[in-house]
Amino acid sequence: MMWTLKFLPEAEKDLKKLSGNQRIMTVKAIEKVRQNPLPASEGGYGKPLGHKGANDLIGFLKIKLKDAGIRVVYKLIRTDSEMLIVVIGARADDEVYNAAQHRADNNNLN
(Lines give C-alpha, C1' and ligand atoms only; values in the text may rest on other atoms or scores of the structure.)
Protein backbone atom coordinates (compact mmCIF):
# COMPACT_ATOMS: atom_id res chain seq x y z
CA MET A 1 0.00 0.00 0.00
CA MET A 2 1.33 3.42 -0.94
CA TRP A 3 0.93 5.92 1.90
CA THR A 4 -0.35 9.43 1.20
CA LEU A 5 2.53 11.87 1.38
CA LYS A 6 2.19 15.31 2.97
CA PHE A 7 4.77 17.93 3.85
CA LEU A 8 4.76 20.61 6.51
CA PRO A 9 5.17 23.92 4.61
CA GLU A 10 8.60 24.34 6.20
CA ALA A 11 9.66 20.88 4.98
CA GLU A 12 8.66 21.80 1.41
CA LYS A 13 10.96 24.82 1.72
CA ASP A 14 13.72 22.54 3.08
CA LEU A 15 13.41 20.34 0.00
CA LYS A 16 13.53 23.30 -2.39
CA LYS A 17 16.71 24.58 -0.70
CA LEU A 18 18.63 21.39 -1.48
CA SER A 19 20.95 21.31 -4.48
CA GLY A 20 19.61 19.53 -7.57
CA ASN A 21 21.43 16.25 -6.91
CA GLN A 22 20.57 16.22 -3.20
CA ARG A 23 16.93 16.97 -4.02
CA ILE A 24 16.72 14.06 -6.49
CA MET A 25 18.29 11.64 -4.00
CA THR A 26 15.99 12.83 -1.21
CA VAL A 27 12.83 12.51 -3.29
CA LYS A 28 13.85 8.99 -4.38
CA ALA A 29 14.49 7.99 -0.76
CA ILE A 30 11.15 9.41 0.38
CA GLU A 31 9.33 7.58 -2.43
CA LYS A 32 11.02 4.30 -1.50
CA VAL A 33 10.17 4.66 2.17
CA ARG A 34 6.65 5.81 1.31
CA GLN A 35 5.91 2.27 0.09
CA ASN A 36 6.34 0.98 3.65
CA PRO A 37 7.16 3.80 6.12
CA LEU A 38 6.41 1.70 9.19
CA PRO A 39 9.18 1.20 11.76
CA ALA A 40 11.68 -1.56 11.00
CA SER A 41 10.26 -3.44 14.01
CA GLU A 42 6.98 -3.70 12.04
CA GLY A 43 8.67 -4.75 8.80
CA GLY A 44 9.04 -1.28 7.28
CA TYR A 45 11.89 1.00 6.27
CA GLY A 46 11.49 3.54 9.11
CA LYS A 47 14.16 4.11 11.71
CA PRO A 48 12.53 5.28 14.96
CA LEU A 49 13.79 8.34 16.77
CA GLY A 50 13.66 8.70 20.51
CA HIS A 51 15.43 11.29 22.58
CA LYS A 52 17.98 13.19 20.49
CA GLY A 53 19.85 15.54 22.77
CA ALA A 54 17.21 17.67 24.47
CA ASN A 55 14.57 16.69 21.91
CA ASP A 56 11.79 14.21 22.59
CA LEU A 57 11.10 12.72 19.15
CA ILE A 58 9.40 9.53 20.26
CA GLY A 59 6.86 8.60 17.59
CA PHE A 60 8.91 10.14 14.78
CA LEU A 61 11.01 8.24 12.25
CA LYS A 62 13.96 9.15 10.07
CA ILE A 63 15.38 8.47 6.66
CA LYS A 64 19.17 8.69 6.48
CA LEU A 65 20.91 9.54 3.23
CA LYS A 66 24.45 8.85 4.37
CA ASP A 67 26.23 9.80 1.14
CA ALA A 68 24.42 13.14 0.93
CA GLY A 69 24.56 13.85 4.67
CA ILE A 70 20.80 14.48 4.70
CA ARG A 71 18.20 13.47 7.27
CA VAL A 72 14.44 13.40 6.72
CA VAL A 73 12.26 13.30 9.82
CA TYR A 74 8.67 12.13 9.41
CA LYS A 75 5.64 11.09 11.41
CA LEU A 76 3.07 8.49 10.47
CA ILE A 77 -0.57 9.43 10.76
CA ARG A 78 -1.96 5.93 10.85
CA THR A 79 -5.67 6.78 10.80
CA ASP A 80 -5.33 8.22 7.31
CA SER A 81 -2.27 6.24 6.16
CA GLU A 82 -0.39 9.51 5.80
CA MET A 83 3.33 10.03 5.96
CA LEU A 84 3.97 13.63 7.09
CA ILE A 85 7.41 15.01 6.26
CA VAL A 86 8.41 17.27 9.15
CA VAL A 87 11.96 18.37 8.28
CA ILE A 88 14.66 17.75 5.70
CA GLY A 89 18.15 18.94 6.49
CA ALA A 90 21.85 18.38 6.63
CA ARG A 91 23.29 16.12 9.26
CA ALA A 92 24.93 18.84 11.30
CA ASP A 93 25.03 17.96 14.98
CA ASP A 94 21.42 17.80 16.17
CA GLU A 95 20.20 20.72 14.04
CA VAL A 96 17.68 18.63 12.06
CA TYR A 97 16.34 17.10 15.27
CA ASN A 98 16.06 20.51 16.95
CA ALA A 99 14.06 21.74 13.94
CA ALA A 100 11.86 18.62 14.08
CA GLN A 101 11.11 19.22 17.77
CA HIS A 102 10.30 22.88 17.13
CA ARG A 103 8.00 22.08 14.20
CA ALA A 104 6.33 19.21 16.08
CA ASP A 105 5.58 21.57 18.96
CA ASN A 106 4.29 24.33 16.65
CA ASN A 107 2.05 21.92 14.74
CA ASN A 108 0.78 19.90 17.74
CA LEU A 109 2.34 16.67 16.47
CA ASN A 110 3.42 15.30 19.84
Side-chain angles (χ1 to χ4, degrees):
M1 170 179 80
M2 188 69 76
W3 287 59
T4 302
L5 186 63
K6 294 200 174 187
F7 287 77
L8 285 181
E10 302 96 299
E12 283 186 287
K13 290 177 186 175
D14 295 340
L15 185 61
K16 290 177 182 175
K17 287 180 188 175
L18 296 176
S19 69
N21 212 20
Q22 286 180 321
R23 190 176 315 116
I24 291 168
M25 289 173 54
T26 301
V27 168
K28 283 183 181 181
I30 290 170
E31 284 300 317
K32 176 184 175 185
V33 172
R34 181 180 173 200
Q35 295 172 26
N36 191 357
L38 296 170
S41 63
E42 295 179 43
Y45 294 117
K47 295 181 178 38
L49 291 169
H51 292 281
K52 289 289 185 183
N55 301 306
D56 178 8
L57 296 173
I58 293 172
F60 290 82
L61 298 112
K62 68 181 172 182
I63 302 169
K64 293 184 349 182
L65 288 88
K66 289 182 184 179
D67 294 340
I70 300 290
R71 296 289 181 269
V72 177
V73 176
Y74 67 96
K75 182 168 184 77
L76 296 179
I77 303 168
R78 293 183 187 237
T79 56
D80 297 329
S81 297
E82 285 181 7
M83 179 178 163
L84 176 66
I85 304 297
V86 177
V87 64
I88 300 169
R91 182 180 174 252
D93 298 323
D94 285 337
E95 185 177 318
V96 73
Y97 304 125
N98 292 337
Q101 180 71 61
H102 179 74
R103 292 175 186 180
D105 292 343
N106 286 346
N107 291 281
N108 298 315
L109 298 177
N110 289 328

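Just so it is clear, the values below take in all heavy atoms, side chains as well, and ignore hydrogens, waters and symmetry mates. Treat the numbers as computed from the prediction; the structure is a model and nothing was measured.
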Going through the distances and angles, do L15 and L18 end up as a side chain to side chain contact (heavy atoms under 4.5 Å, CB included)? CA-CA 6 Å; L15 185 61; L18 296 176; 4.0 Å; yes

Neighbour count above 12 (heavy atom, 6.0 Å) for E95 CD: no

Is any side-chain N of the basic residue among E31 and R34 closer than 4.0 Å to the acidic one's carboxylate O? yes

Same cluster (ILVMFWY, side-chain, under 4.5 Å), I77 and V87: yes

Might you point out which heavy atoms bring P39 and L76 nearest each other, and give the distance in Å? CD-CD1, 4.4 Å

For the backbone of D56 and the side chain of Q101, can you confirm whether one donor and one acceptor N or O come within less than 3.5 Å of each other? yes

Count I, L, V, M, F, W, Y as connected when their side-chain heavy atoms are under 4.5 Å apart, and connections chain through other members. Are I63 and V73 then in the same cluster? no

Exceeds 12 heavy-atom contacts within 6.0 angstrom, atom CG of N106: yes

Within residues 38-47 or reaching into it, pairs that qualify as side chain to side chain donor-acceptor pair (under 3.5 Å) - sequence neighbours excluded: E42-R78

E10 and N107: CA distance, side-chain angles, deciding distance, side chain to side chain contact (heavy atoms under 4.5 Å, CB included) verdict: CA-CA 11 Å; E10 302 96 299; N107 291 281; 4.0 Å; yes

Nearest heavy-atom approach of G89 to V96 is N-CG2, 3.9 Å

Please test I30 against I88 for side chain to side chain contact (heavy atoms under 4.5 Å, CB included), starting from the C-alpha separation and ending with a verdict. CA-CA 10 Å; I30 290 170; I88 300 169; 4.3 Å; yes

Quick one: does Y74's side chain have a donor or acceptor within less than 3.5 Å of a partner on P37's backbone? yes

Could you walk me through whether M83 and K6 pass the side chain to side chain contact (heavy atoms under 4.5 Å, CB included) check? CA-CA 6 Å; M83 179 178 163; K6 294 200 174 187; over 6 Å; no

Do you know the tightest heavy-atom contact between L5 and I85? CD1-CG1, 3.8 Å

May I ask whether V72 and L57 are part of the same hydrophobic cluster, defined by side-chain heavy atoms of I, L, V, M, F, W, Y residues being less than 4.5 angstrom apart, directly or through others? no

If you take all heavy atoms of V86 and R103, which pair is closest and at what distance? O-NH1, 2.9 Å

Could you pull out the closest heavy-atom pair between I70 and Q22, with the gap in Å? CD1-NE2, 3.8 Å

Honestly curious: do L38 and L84 fall in one hydrophobic cluster under the side-chain, below-4.5 Å linking rule? no

Common cluster, V33/F60, ILVMFWY with side-chain heavy-atom separation under 4.5 Å: no

